[in-house]
Structures are given as C-alpha cells and as structure tokens.
Amino acid sequence: MTTPLCPFPIQAVRQPAAHGLSQITKSLYLSDAVAAKNKAMLSTNHITTVINVSMEATDTFLEDIQYVKVPLADAPNSRLYDFFDFIADHIHSVEMKQGRTLLHCAAGVSRSATFCLAYLMKYHSTSLLDAHTWTKSCRPTIRPNNGFWEQLIYYEFKLFSKNTVHMISSSMGMIPDVYEKEICLMTLMGVIPDSS
C-alpha cells in the first residue's frame, strides 16, 4: 500500500506543462533547457538556483541565481545514482534558505525527472510510486529511461528497505511496472507488435 497523495504542498494552482516550468513542490520546479534560460520565467517564479543535469544544455548565467551543473548523458548506463544524494541535498539546502530550485536537463523528461523522484523520496519520505504519480501529474511528459528506473528502484530500497516499483518483462524488454498498462494498451492497438 502506498502513502496518500499529496505530501507536496503547492501554493499556486498546478498547471501541468510540457514547455515552461512545472512546479513540483513549493520550492522545486522542472523544465527543459529552453525554459531554464527564460529570464522572465525564472524571475516570475522566484528561482534562486538552477541545476542543469545534462551534458548538452548550456546555461545562461543570470544575476542573483546560483548555477550548478552535473554533466550527465541521457543514456540508460549513465550513473545518475552517484549524484542522487548530492542533488537532493542541494535542493533541500536551497529550500531551507527559503529559495527555489529549477532542475532541468535538455527536455525535462528523463534525467531531471529522475533526480526529482530521488529528491521526493529522500526529503518528502514518499515512495517511488507516489513520487512518480505526483511528478507526472505536475509534468505529464516525464519518462525516465529504464536504466534510470533501475537506479531509482535501488535507491528506494536503500532508503526504505522495500520497493513500490519493480522491473518486469514486456514485449519491449524489461520495463518498470508503472508502464505496464501503457505497453499493454499500445500492443492491443497494434502500435507495438506482440512478441508472443
């Protein structure tokens, strides 16, 4: 059984966004690289720290904003796990100083979403399943790759000694069980050939 939503109070009305900034908690936002360079958007949302977890996206350094870059590839074998605590701790320290963090990668879909889920598990004591459900409700485009899911599953077990998400076998290979219904539906619609 998972914990009830939502342990992440948000002051403003949530507006799921594919482009722009997606508010996850009162002090954490996700975006793509383009939005991370938008001075007006950063100012309007009172962003004090920008964390870039991509290799390819460049930063536009704006006054009064702290920038952190952890250059990671968007590849299943990229070791995001090694930076889960560092990024989560940094987001938390910004929040403790009444600041706001924008976490981004190139598209705001896989790498930054993965770090967001790790942060929510560590500092909001939520399960991986609930962290994913909440973050996807705030930013519907998130989709960490399978390698990142494996690292998140390992991290959840390290934090809580149990798992709420598991890797399962599918017609597309090993996938996190949160994608099972989607894959089954795509197979039924003929988008994915059934290998059975």
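This structure is a prediction, so every number in the text was calculated from the model and none was measured.
The heavy-atom pair separating Arg100 from Val94 by the smallest distance is N-CG1, 3.6 Å. The two residues Cys105 and Val53 have their closest heavy-atom pair at CB-CG2, 4.1 Å. The two residues Asp32 and Ala106 come nearest to each other via the heavy atoms CB-O, 3.3 Å. Residues Gly99 and Thr48 share a closest heavy-atom pair of CA-OG1, 3.4 Å. Nearest heavy-atom pair across Met41 and Ala35 is SD-CB, 4.0 Å. Taking all atoms of both residues into account, the shortest heavy-atom contact from Met55 to Lys69 is O-NZ, 3.6 Å.
To the nearest 0.5 angstrom, Ser31 atom OG is 5.0 Å from Leu21 atom CG. With rounding to the nearest 0.5 Å, the separation of CG in Leu159 from OH in Tyr123 is 10.5 Å. Rounding to the nearest 0.5 Å gives a distance of 7.0 Å between CG of Leu120 and CG of Leu28. The CG atom of Asp64 sits 12.0 Å away from the CG atom of Leu42 when rounded to the nearest 0.5 Å. The OG atom of Ser170 sits 11.0 Å away from the CG atom of Asp177 when rounded to the nearest 0.5 Å. Rounding to the nearest 0.5 Å gives a distance of 12.0 Å between NE2 of His46 and CD1 of Ile65.
Under a hydrophobic-cluster definition in which Ile, Leu, Val, Met, Phe, Trp and Tyr are linked whenever side-chain heavy atoms come within less than 4.5 Å, directly or via other members, Tyr81 and Met121 are assigned to the same cluster. Under the 4.5 Å side-chain heavy-atom criterion for ILVMFWY residues, no single connected hydrophobic cluster contains both Val178 and Phe157. Connection of Val109 to Leu117 is not established within any shared hydrophobic cluster, with ILVMFWY side chains joined at heavy-atom distances below 4.5 Å, either directly or through further cluster members. Both Leu152 and Tyr179 belong to a single network of hydrophobic side chains, linked directly or stepwise wherever heavy atoms of I, L, V, M, F, W or Y lie under 4.5 Å apart.
For the pair Leu80 and Arg111, the minimum side-chain heavy-atom distance is below 4.5 Å. Between Ile51 and His104, the closest side-chain pair of non-hydrogen atoms is not below 4.5 Å. Counting only heavy atoms from C-beta outward, the side chains of Ile142 and His132 approach each other to under 4.5 Å. Using a 4.5 Å heavy-atom cutoff, the side chains of Thr133 and Ser137 are not in contact.
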Checking side chain to side chain contact (heavy atoms under 4.5 Å, CB included) for the pair Gln23/Cys138: CA distance, chi angles, key distance, verdict?
CA-CA 7 Å; Gln23 188 173 11; Cys138 299; over 6 Å; no
If you apply the rule side chain to side chain donor-acceptor pair (under 3.5 Å), what do you find for Thr141 with Lys136, and how did you get there?
CA-CA 7 Å; Thr141 56; Lys136 192 158 182 69; over 6 Å; no
Just do the side chain to side chain contact (heavy atoms under 4.5 Å, CB included) check on Phe83 and Leu72 with the steps written out, would you?
CA-CA 10 Å; Phe83 299 94; Leu72 295 163; 3.8 Å; yes
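Put simply, the side chain of Tyr67 gets close to the backbone of Leu62: a donor and an acceptor are under 3.5 Å apart. Between the Thr25 side chain and the Ser27 main chain, a donor and an acceptor come within less than 3.5 Å of each other. With Ser43 contributing its side chain and Ala40 its backbone, the two residues share no donor-acceptor pair below 3.5 Å. Judged by distance alone, the side chain of Asn52 and the main-chain N or O of Ala57 form a donor-acceptor pair under 3.5 Å. Checking side-chain atoms of Ser93 against main-chain N and O of His90 turns up a donor-acceptor pair under 3.5 Å. Counting only distance, with no hydrogens or angles, the side chain of Ser112 and the backbone of Leu30 share no donor-acceptor pair below 3.5 Å. Counting only distance, with no hydrogens or angles, the side chain of Glu156 and the backbone of Thr164 share a donor-acceptor pair below 3.5 Å. In this structure a side-chain-to-backbone donor-acceptor pair under 3.5 Å is missing from Thr114 to Phe148. Between the side chain of Trp149 and the backbone N or O of Pro144, at least one donor-acceptor pair lies under 3.5 Å. Checked by atom type and distance alone, the side chain of Asn45 never pairs as donor or acceptor with a backbone atom of Ile47 at under 3.5 Å.
No salt bridge links Glu150 with Arg79; every basic N to acidic carboxylate O contact stays at or beyond 4.0 Å. Ion pairing between a basic and an acidic side chain is recognised when a charged N comes within 4.0 Å of a carboxylate O; Lys158 and Asp85 show such pairing. At a threshold of 4.0 Å, the pair Lys122-Asp89 counts as salt-bridged, since one of the basic side-chain nitrogens sits closer than that to a carboxylate oxygen.
A 6.0 Å sphere centred on NZ of Lys39 holds no more than 12 heavy atoms belonging to other residues, nucleotides or ligands. For CZ of Phe160, the number of neighbouring non-hydrogen atoms (other residues, nucleotides, ligands) closer than 6.0 Å is greater than 12.
His124 has its ring centre less than 6.0 Å from the ring centre of Tyr119.
Contacts of His166 classified as ring-ring contact (aromatic ring centres under 6.0 Å, His included), with partners at least two apart in sequence or in another chain: none.
Using the six-membered ring where Trp is involved, Phe115 and Phe84 have ring planes that are perpendicular, over 60° apart on the 30 and 60° scheme.
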